[in-house]
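One structure below.
Numbers here are sequence positions counted from 1. Note that ligands are numbered from 1 as they come in the structure, with each ligand's atoms numbered from 1 the same way. When reading the values below, keep in mind they use all heavy atoms of this one structure, side chains included, and skip hydrogens, waters and symmetry mates.
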Amino acid sequence: MTMKKRLRYLVLHGPNLNLLGTREPDVYGRVTLDDINKSLKRLADELAIDVDCHQSNHEGTLLDLMQGAAGVVDGCVINAGAYTHTSIALHDCIKAMPYPVVEVHLSNIHAREAFRHVSRLGPAVRASIAGLGWRSYTAALRALVEQVRE
Ligand code: DQA
């Protein structure tokens, strides 16, 4: 009998997402980062996969985590926060990784200020999901797993 390898995913939360719950609740709601990570863990149990969640306010740390996951994970879900709109380094890193990356946002960045309409990550990622609140993350994770299993 051949044992199938358990799928593993990296979830990255970028700058200021540690403040969820109290940060601009009219935009981001009252859900905390811990709540989001718990929802992701629940989904991971349901799908029988592993998920590693990290938050950092530092661009370089996000890059190190992504690079360190090469050969370890089957995909990544990233909410790069404001680095979405500025980081060519994250764009380049995503392009260099052997695994698919889905960009997520709690808010609909296209319906907000003009400076949020451009994503530097957009051209490098497999897909982007914005505007579903915490469900942007679970939708991305579920889709990544389904793409492998179908
Ligand atoms: C965000 C949208 C970004 O424009 C913003 O800088 C964030 C959060 C979101 O999840 O809606 O920090 O990525």
Side-chain angles (χ1 to χ4, degrees), residues 7-47 49-70 72-148:
L7 295 170
R8 181 171 211 102
Y9 292 85
L10 175 67
V11 176
L12 293 178
H13 308 282
N16 298 310
L17 293 167
N18 53 314
L19 302 178
L20 287 176
T22 56
R23 175 193 182 195
E24 298 185 83
D26 45 320
V27 178
Y28 299 113
R30 290 272 174 207
V31 88
T32 66
L33 196 62
D34 193 45
D35 294 332
I36 294 175
N37 289 339
K38 282 187 180 134
S39 298
L40 287 163
K41 295 271 183 215
R42 265 197 303 276
L43 179 60
D45 287 347
E46 183 195 312
L47 299 174
I49 61 165
D50 291 318
V51 71
D52 297 319
C53 303
H54 300 272
Q55 188 276 331
S56 177
N57 290 326
H58 304 277
E59 190 176 16
T61 304
L62 296 169
L63 292 167
D64 289 344
L65 287 164
M66 249 195 195
Q67 291 180 15
V72 178
V73 302
D74 300 286
C76 171
V77 174
I78 182 167
N79 183 350
Y83 290 140
T84 302
H85 316 296
T86 61
S87 181
I88 294 166
L90 278 171
H91 170 113
D92 287 347
C93 183
I94 291 167
K95 279 202 150 171
M97 290 302 103
Y99 53 78
V101 177
V102 176
E103 166 192 11
V104 299
H105 301 283
L106 297 150
S107 64
N108 179 358
I109 54 174
H110 306 288
R112 298 181 62 193
E113 302 98 316
F115 66 85
R116 295 184 205 278
H117 295 179
V118 172
S119 167
R120 298 279 178 215
L121 279 48
V125 292
R126 171 72 61 91
S128 307
I129 301 175
L132 296 178
W134 62 269
R135 290 184 177 84
S136 294
Y137 288 88
T138 49
L141 184 60
R142 193 182 280 280
L144 277 169
V145 174
E146 283 180 8
Q147 280 203 325
V148 172

Before you tell me yes or no, could you show the steps for N79 and Y137 under side chain to side chain donor-acceptor pair (under 3.5 Å), namely the whole-Å CA-CA distance, both residues' side-chain angles and the distance that decides it to 0.1 Å?
CA-CA 8 Å; N79 183 350; Y137 288 88; 3.2 Å; yes

Could you go through N37 and H13, starting from their C-alpha distance and side-chain angles, then the distance that decides it, and tell me whether this counts as side chain to side chain donor-acceptor pair (under 3.5 Å)?
CA-CA 10 Å; N37 289 339; H13 308 282; 2.8 Å; yes

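Those atoms of ligand 1 with a heavy atom of H85 less than 4.0 angstrom away are 3 (C), 4 (O). Proximity to N79 (heavy-atom distance under 4.0 Å) selects the following atoms of ligand 1: 1 (C), 9 (C), 10 (O), 13 (O). Close contacts between ligand 1 and S107 involve ligand atoms 2 (C), 9 (C), 11 (O) [criterion: under 4.0 Å to a heavy atom].
Here the side chain of S87 pairs no donor or acceptor atom with the backbone of T84 at under 3.5 angstrom. In this structure, H85 contributes its side chain and S119 its backbone to no donor-acceptor pair below 3.5 Å. Listed for the T61 side chain is no donor-acceptor partner under 3.5 Å among the backbone atoms of N57. Remark: side-chain polar atoms of H117 are paired, donor with acceptor, to backbone N or O of H110 under 3.5 angstrom.
Distances shorter than 4.0 angstrom do not occur between any heavy atom of T84 and any atom of ligand 1. For N16, the heavy-atom gap to ligand 1 stays at 4.0 angstrom or more.
Residue R112 has no nitrogen or oxygen atom sitting less than 3.5 Å from a nitrogen or oxygen atom of ligand 1, judged on distance alone. Ligand 1 has an N or O atom lying under 3.5 Å from an N or O atom of A82, backbone or side chain.
Ion pairing between K38 and D34 holds under the 4.0 Å rule for side-chain N and carboxylate O. Between R120 and E103 there is no salt bridge, since no side-chain N of the basic residue sits under 4.0 Å from a carboxylate O of the acidic one.
Scanning all protein heavy atoms for the shortest distance to atom 8 (C) of ligand 1 gives Y28 OH, 3.4 Å.
The parts of L106 lying near ligand 1 are both backbone and side chain, judged by heavy-atom distances below 4.0 Å. Contacts with ligand 1 closer than 4.0 Å are made by no heavy atom of E24, backbone or side chain. By the criterion of a heavy-atom distance under 4.0 Å, neither the backbone nor the side chain of V104 is placed next to ligand 1.
Compare H105, R116, R23, H13 by their heavy atoms: the one nearest to atom 12 (O) of ligand 1 is in R23.
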